[in-house]
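Convention: sequence-line order gives letters A, B, ...; per-chain numbering from 1. It should be emphasised that the depicted structure is a prediction, and the values quoted were computed from it without experimental measurement.
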Amino acid sequence: MLQVYNTLTRKKEEFKPIEKNHVRMYVCGPTVYDYPHIGNARSFAVFDTIRRYLEYKGYRVTYITNFTDIDDKMINRANEEGISVADLAARFIAEYYIIASELNLKPATVNPRATEHIDDIIDMVSKIIENGHGYVVDGDVYFDVPSWSNYGVLSKIPLDELSAGLRVNVGEKKKDPRDFALWKAEKPGEPSWDSPWGKGRPGWHAECSVMGKYYLGIPFDIHGGGQDLIFPHHENEIAQSAAAYGEKTPVKYWLHNGFLTINTEKMSKSEGNFFTAREVLDNYDHQAVRFYLVSGQYRQPLDYNDKALKQAIQSLERIKNAADTIRGKISILEKKGGRRTKADDKLSEAIKKVREGFEREMDDDFNTPGAIAEIFTFVRDINSLTPDIGNAAVLREALSTLSELMSILGINLEKAEDEAGGKSVEVLKGVVGLLLEVRENARKSKDYAAADMIRDRLKELSISVADTKDGPTWKIE
RNA sequence: GCCGGCUUGGCGGAGUAGUGACGCGACGGACUGCAGAUCCGUUCUACUUGGGUGCAAAUCCCAAAGCCGGCUCCA
């Protein structure tokens, strides 16, 4: 049974989608005014893994993640750079897709943009006004927070506590400092759209409510994002959606990932202590970065430092080596053939255990560290049993299980060379096989100079050779 | 000030009240012509502190300390 921690109730709850076998999920995507930092990347990777696990469990998942392409930050940055907001958005949306592919994020069902839904936003704002929870002042529209008694359900901030530290910005005409803008009247030089309240643009939180409803319907199952979005973004989203569309709770499960820290301090753009996803991906192996991002439990803080990344590289290497060990033994067995042994039975048992263990851990609010621990136990079983395995069938099953589980974490262990190469791969295999035969003869006659030369020269051609008790194996680096 | 979270071995990091997960590192051994990979063992008085409940607590309860976060744009 899958349990997820719901920010709304502050408890782990049994996960039951509203529609049977279909999960509708929305994750807050980036505001496309700058390069995403590695903390954004964590959020992307975490929710991608959650999505993949739900699919593994047999659910069909409709996965929406948006681009916010109109807001204050977009306008300010575009003005600084002297380009249009649309051009700025285009640039960083393109950048997002590059990062997404390097992190092996599965493409979303739809990546909607705020500016594609202006009419829907206007529609929602109109409904909020009609229902008595919004008001118009000089072309601005504000949400009337005190009129909404349920305000604070998500962040658990009592309404009267809220007013304490709030300020009202110059130029704002709120009735109450807790109110927030649904629609902002046009200022000179800003992009704007026609509306019943004059020209203007959407406020900060409108787009997610609108696009969630548009693509998923309300209520839907999962809404994800970083913990910093709980207040005010998601709090406002709930109030807006509920006030406009009349659903008490527009979302069943609210999931929030913990922060990525640097030296245990929160990484954030306003503090200036951050690394962009780009520089991290340029410095480290992409798969290792992905592995690192999902190696911690998603609600806990994750510290970014060189040591942590190095450790992720080492750990992942261990898993990949196990896959190579299996492949090497399979190719030997294909030549020699063999019979099932005791080790085959033990490995079959281990395959069953790893799948159970992995699911048990992931069912517990996506406990990836526990799930990875199960994989490592399996890796040790693979390494100790493989030399004694007699039949390739169980090895193929072990390899496909390992690959399948790792793919949920976003790591692809498959090697594509076989399909890609066709005939030339066959020739390559033949030639390397021939060289290794020559080398084996040299080793038997203790001509180690010759044997080592063949190995070294192959290494230069990025073919690495390893001797096992059953004979040599090789792989392309 | 008001809310929330965290504190586990050299480091990272799980943890169902009852046999010290898992990874990285270090050290020792095995295997090996060498290399790589791997295996076994050690690192073990590990659980912030002080009380309490229990036959038994890292795990439950109560206090305290330290650290972090939200209350303002932020994944």
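Candidate nucleotides B:rA75, B:rA21, B:rA37 were compared by shortest atom distance to the side chain of A:Thr325, and B:rA37 ranks first. Closest contact between the side chain of A:Gln311 and the listed nucleotides B:rA75, B:rG12, B:rG36 involves B:rG12. For A:His37, whose side chain is taken as the heavy atoms from C-beta onward, the closest listed nucleotide among B:rA75, B:rG36, B:rA37 is B:rA75.
Applying the 6.0 Å contact sphere to NZ of A:Lys156 captures more than 12 heavy atoms from other residues, nucleotides or ligands.
Among the protein residues, A:Gly258 comes within range of the nucleic acid bases, having at least one heavy atom under 4.0 Å from a base atom. A:Lys469 comes within contact range of no nucleotide atom at all, as no heavy-atom separation falls under 4.0 Å. Here A:Ala308 lies out of heavy-atom contact (under 4.0 Å) with every strand. Counting any heavy atom pair closer than 4.0 Å across all strands shown, A:Tyr448 reaches a base atom. If you check every strand for non-hydrogen atoms under 4.0 Å, A:Val465 touches a base. Contacts of A:Thr386 with the nucleic acid, taken as non-hydrogen atoms under 4.0 Å apart, are absent. Nucleic acid contact class of A:Gly39 (heavy atoms, under 4.0 Å, all strands): base. Residue A:Phe259 is in base contact, counting any heavy-atom pair closer than 4.0 Å across all strands shown.
For the side chain to side chain contact (heavy atoms under 4.5 Å, CB included) with A:Pro191, the lone residue among A:Asp69, A:Ile70, A:Thr115 that qualifies is A:Ile70.
Spacing between B:rC73 and B:rA14 at atom C1', rounded to whole Å, works out to 35 Å. Across B:rG23 and B:rG66, the matching C1' atoms stand 28 Å from one another, rounded to whole Å. If you take atom C1' in B:rC71 and the same atom in B:rA58, they sit 32 Å apart, rounded to whole Å.
Base orientation of B:rG54: syn (glycosidic angle within 90° of 0).
Between A:Gln227 and the phosphate of B:rG70, there is no side-chain N or O to OP1/OP2 separation shorter than 4.0 Å. OP1 or OP2 of B:rG70 has at least one side-chain nitrogen or oxygen of A:Lys266 nearer than 4.0 Å. Distances shown here put a side-chain N or O of A:Arg318 below 4.0 Å from the OP1 or OP2 atom of B:rG23. Residue A:Arg380 places at least one side-chain N or O closer than 4.0 Å to OP1 or OP2 of B:rC40. At the phosphate of B:rC39, OP1 or OP2 sits under 4.0 Å from a side-chain N or O atom of A:Asn383.
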So which protein nitrogen or oxygen atoms get under 3.5 Å of nucleotides 15-19 of chain B's nitrogens or oxygens?
from	atom 1	to	atom 2	distance (Å)
B:rG15	OP1	A:Asn367	ND2	3.3

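Of the two residues contacting RNA chain B, namely A:Leu260 and A:Ser155, the nearest-nucleotide position lying further toward the 5' end is that of A:Ser155. Two residues, A:Gly296 and A:Arg10, neighbour RNA chain B, and the one matched to the more 5' nucleotide by heavy-atom proximity is A:Arg10.
Residues A:Phe44 and A:Tyr96 bring their aromatic ring centres within 6.0 Å. Checked against the 6.0 Å centroid threshold, A:Phe67 and A:Tyr97 count as a close aromatic pair.
Within the cation-pi definition used here (under 6.0 Å to the ring centroid, within 45° of the axis), A:Arg299 qualifies as a partner of A:Tyr5. Seen from the ring of A:Tyr33, A:Arg77 does not count as a face-on cation partner, given the 6.0 Å and 45° thresholds.
A donor-acceptor contact closer than 3.5 angstrom links the side chains of A:Tyr284 and A:Asp306.
Between the side chain of A:Thr368 and the backbone N or O of A:Val294 there is at least one donor-acceptor pair closer than 3.5 Å.
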